[in-house]
Undergrad: 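The structure follows.
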Amino acid sequence: MKKIKRLLPGLGFVFLISILSMFINDSIKHIINLEALTIGIVLGIIYNNTFKTSDVLKPGITFSLKKLLKWGIVLLGFKLNFRALIELGPKVVMMIVLYVPSVLILSYLLGKIFKINSKVAVLLGVGSSICGASAVVAMSSCINAQEDDSIVAVSIINFLGAIGVLVYSTIAITSGMSNLEYGIWSGISLQGVAHAIAAAFARGDQSGEIGTLVKMGRVVMLVPVSLVLSYLFNRESKESKVKFPMYILYFIFAGIISSLNIISIDFIKILSKLSSMFILMAMVGMGLSVDIKSIKDKGMKALIMGCLLFLIISTTMYFVSISII
């Protein structure tokens, strides 16, 4: 009980900022959809660097960042449907399987060219190739990334995703692509789940459903990527054991349960909303833990690299999408 009382002030504060982030996002999304995640991080950073976070709030903030994040990622698994992914066909499945490691390698190489911290470069690659901010925060612990590395990557991924939704939605109206081609392109090349789905549905239900399935295929890649990166980065730090996060395994179990259709759609929607809230609270907690002086030097280079990475991905996958069908 004493431990719970220590957590309550920080949890309550994080929750309030999360609600405020959602309200701001709802108010401005007709202009630009930055996502509540980005807004929450920004509000947290502004507060911490203006007023300094009180010690009484820190236990709850840390709990949000460490525990709620894992719960949110596990619940994210209930959005998966493995059977629907298989029905996409071998060409699209193979495209997804090849896409993720290709983007990760490209991001790592661009990081070398721009002389960016390798962990930031990998996190940008993870966010671009799998499922945006959720993948970044899930992978951070796998590669022992610092909190400011995660902050930089999450902020850039969400910013580029928001811009991408606007650009893709415009292309949806003007492009001669078929609904199937546009759905595949949106689902394969946009960063976060919300970004890909928002852009895919800009063309209608058919493209929206295809884009959602392709996007979920990328989310499944979170599992093998987490295994590989855990091994590579822990080997690099000369630790004897691979730090595979067990919540990734629970994430798989959640996807299997969802695929078996033994849970009602309404209950899955509730779990999905809980997932979004927990991940948002974790992002707010991350923002409240950041000293902006420690990230401003690496932020600009990473943003330029992220923009170039997105441009290469978007252009390449446009041509792949119209040729694969």
Side-chain angles (χ1 to χ4, degrees), residues 21-42 76 79 84 88 92 95-96 99-100 103 124-125 127-136 153-219 269 272-273 276 279-280 283 303-304 306-325:
S21 302
M22 290 189 290
F23 174 77
I24 293 173
N25 184 56
D26 288 340
S27 300
I28 67 171
K29 66 181 179 183
H30 63 285
I31 302 172
I32 182 170
N33 190 5
L34 285 174
E35 291 298 319
L37 288 175
T38 301
I39 296 170
I41 288 173
V42 171
L76 183 67
K79 293 183 179 182
L88 283 174
V92 177
M95 178 180 68
I96 294 169
Y99 170 80
V100 173
V103 171
L124 286 172
S128 299
S129 64
I130 302 178
C131 56
S134 300
V136 172
V154 166
S155 300
I156 291 170
I157 289 297
N158 278 333
F159 172 72
L160 292 176
I163 298 300
V165 170
L166 294 176
V167 174
Y168 277 49
S169 297
T170 303
I171 293 173
I173 301 170
T174 59
S175 173
M177 300 175 79
S178 69
N179 289 338
L180 181 57
E181 291 167 348
Y182 176 77
I184 291 173
W185 182 50
S186 301
I188 196 68
S189 58
L190 279 166
Q191 291 85 347
V193 173
H195 300 138
I197 292 174
F201 274 99
R203 188 70 177 266
D205 288 344
Q206 184 185 13
S207 62
E209 289 167 6
I210 293 296
T212 300
L213 287 175
V214 173
K215 184 61 185 176
M216 289 303 104
R218 290 166 58 194
V219 174
K269 286 180 179 178
S272 296
K273 287 182 179 178
S276 298
I279 291 174
L280 173 57
M283 293 299 97
L303 176 59
I304 295 170
C307 290
L308 179 59
L309 178 65
F310 185 30
L311 181 62
I312 294 171
I313 290 171
S314 183
T315 304
T316 303
M317 297 318 297
Y318 174 86
F319 291 108
V320 171
S321 299
I322 61 178
S323 62
I324 197 171
I325 303 303

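Given the structure is predicted, the values throughout are model-derived calculations rather than measurements.
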Undergrad: Under 4.5 Å between any side-chain heavy atoms of Ile184 and Met95, yes or no?
TA: yes
Undergrad: Measure across Gly211 and Ala200 and return the closest heavy-atom pair with its distance rounded to 0.1 Å.
TA: CA-CB, 4.0 Å
Undergrad: Testing the basics here: between Val219 and Ile130, what is the closest heavy-atom pair and its distance to 0.1 Å?
TA: CA-CG2, 4.0 Å
Undergrad: Drop me the distance from Ile313's CD1 to Thr316's OG1, to the nearest 0.5 angstrom.
TA: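 Those atoms lie 8.5 Å apart.
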Undergrad: Listed by chain and number, what are the side chain to side chain contact (heavy atoms under 4.5 Å, CB included) partners of Ala196, not counting sequence neighbours?
TA: Leu190, Lys215
Undergrad: Find the distance between CD1 (Ile324) and CD1 (Ile322) and round it off to the nearest 0.5 Å.
TA: 12.0 Å
Undergrad: Got a sec, which residues hit side chain to side chain contact (heavy atoms under 4.5 Å, CB included) with Ser178, two or more places apart in sequence or on another chain?
TA: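 Per chain and number, Ser178 pairs via side chain to side chain contact (heavy atoms under 4.5 Å, CB included) with Leu180, Glu181.
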Undergrad: What heavy-atom pair brings Ser128 and Val103 nearest, and what distance separates the two atoms?
TA: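 Heavy-atom minimum between the residues: CB-CG1, 4.1 Å.
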Undergrad: Is there side-chain contact between Leu303 and Phe159, with heavy atoms separated by less than 4.5 Å?
TA: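 SC-SC contact between Leu303 and Phe159 confirmed.
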Undergrad: Considering the options Ile156, Ile157, Leu160, which one meets the side chain to side chain contact (heavy atoms under 4.5 Å, CB included) requirement together with Phe310?
TA: Leu160
Undergrad: If the condition is side-chain hydrogen bond (donor to acceptor under 3.5 Å, both in side chains), which residues does Tyr182 pass it with, not counting sequence neighbours?
TA: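 With neighbours one apart ignored, the set is empty.
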Undergrad: Is there a donor-acceptor pair closer than 3.5 Å between any side-chain N or O of Arg218 and the backbone N or O of Gly187?
TA: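 Here the side-chain-to-backbone pair exists.
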Undergrad: Less than 4.5 Å apart, side chain to side chain, heavy atoms only: is that true for Ser27 and Phe23?
TA: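 A side-chain contact exists here, since the closest heavy-atom pair is under 4.5 Å.
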Undergrad: Given 3.5 Å as the limit, does a donor-acceptor pair link the side chain of Arg203 with the main chain of Ile171, or not?
TA: no
Undergrad: Ser189: which residues meet the side-chain hydrogen bond (donor to acceptor under 3.5 Å, both in side chains) condition with it, sequence neighbours left out?
TA: Tyr168
Undergrad: For a quick test of reading the model, state the closest non-hydrogen atom pair linking Ile188 to Ser321 and the distance between them.
TA: CG2-OG, 4.3 Å
Undergrad: Output yes when a side-chain donor or acceptor of Ser314 lies under 3.5 Å from a complementary backbone atom of Leu311, and no otherwise.
TA: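 No, Ser314 side chain to Leu311 backbone: no donor-acceptor pair under 3.5 Å.
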Undergrad: For Ser175 and Ala172, indicate whether the former's side chain and the latter's backbone hold a donor-acceptor pair under 3.5 Å.
TA: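 The answer is no, because no donor-acceptor pair under 3.5 Å joins these two groups.
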Undergrad: With heavy-atom distances below 4.5 Å as the criterion, would you say the side chains of Phe201 and Ser169 are in contact?
TA: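 Counting from C-beta outward, Phe201 and Ser169 never come under 4.5 Å.
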Undergrad: What's the shortest heavy-atom distance between Gly40 and Ser21, and which atoms?
TA: CA-OG, 3.1 Å
Undergrad: Please identify each residue that fulfils ring-ring contact (aromatic ring centres under 6.0 Å, His included) with Tyr99, with sequence neighbours left out.
TA: none
Undergrad: Taking only residues two or more places apart in sequence, or in another chain, which ones meet Ser276 in a side-chain hydrogen bond (donor to acceptor under 3.5 Å, both in side chains)?
TA: none
